[in-house]
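Report on one structure; see the data block that follows.
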Amino acid sequence: MAPLTHFLRRVRGIIRQAWRSATLALGLNLLGQWALLYVAYMISAYLWEP
């Protein structure tokens with residue numbers, strides 16, 4: 001029974017690490033998309049300035 005609990009604990013740690021990296025990647029992706037939108041908005045506002 002001991003090896004099973006050890007295995008489950010290891011699987012739980014792997015899942016937690018994967019979840020953390022996935023949320024970090026998603027957050028960075030959203031942040032990058034918002035930064036690109038902001039930069040595009042600033043460039044368009046600068047170009048459309050009469």
Side-chain angles (χ1 to χ4, degrees):
M1 211 59 179
L4 183 63
T5 55
H6 181 70
F7 175 72
L8 284 176
R9 191 173 295 133
R10 210 163 93 186
V11 166
R12 195 180 300 143
I14 291 173
I15 289 176
R16 188 176 294 135
Q17 198 170 0
W19 174 257
R20 189 177 298 137
S21 61
T23 51
L24 184 67
L26 187 65
L28 285 178
N29 193 8
L30 287 174
L31 202 67
Q33 281 183 359
W34 278 111
L36 277 176
L37 276 174
Y38 182 72
V39 167
Y41 173 74
M42 292 300 287
I43 288 176
S44 62
Y46 179 75
L47 286 178
W48 284 107
E49 196 72 24

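Rounding to the nearest 0.5 angstrom, the gap separating the CG atom in Leu4 from the CZ atom in Arg9 is 10.5 Å. Separating the OG1 atom in Thr5 from the CZ atom in Arg10 is a distance of 12.5 Å, to the nearest 0.5 Å.
Leu28 belongs to a hydrophobic cluster whose remaining members, ordered by chain and number, are Leu24; membership requires side-chain heavy atoms of ILVMFWY residues under 4.5 Å apart, directly or through intermediates. Listed by chain and number, the hydrophobic cluster partners of Trp19 come to none, as no ILVMFWY side chain reaches under 4.5 Å of it.
Side-chain contact between Phe7 and Pro3 is absent, with no heavy-atom pair separated by less than 4.5 Å.
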### Query
How far apart are the C-alpha atoms of Ile43 and Tyr46, what are their side-chain angles, what is the distance that settles it, and do they pass the side chain to side chain contact (heavy atoms under 4.5 Å, CB included) test?
CA-CA 5 Å; Ile43 288 176; Tyr46 179 75; 5.7 Å; no
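Residue Val39 is not grouped with residue Leu31 when hydrophobic side chains (ILVMFWY) are merged at heavy-atom distances under 4.5 angstrom, including chains of intermediate members.
In this structure, Gln33 places its CD atom where more than 12 heavy-atom neighbours from other residues, nucleotides or ligands lie under 6.0 Å away.
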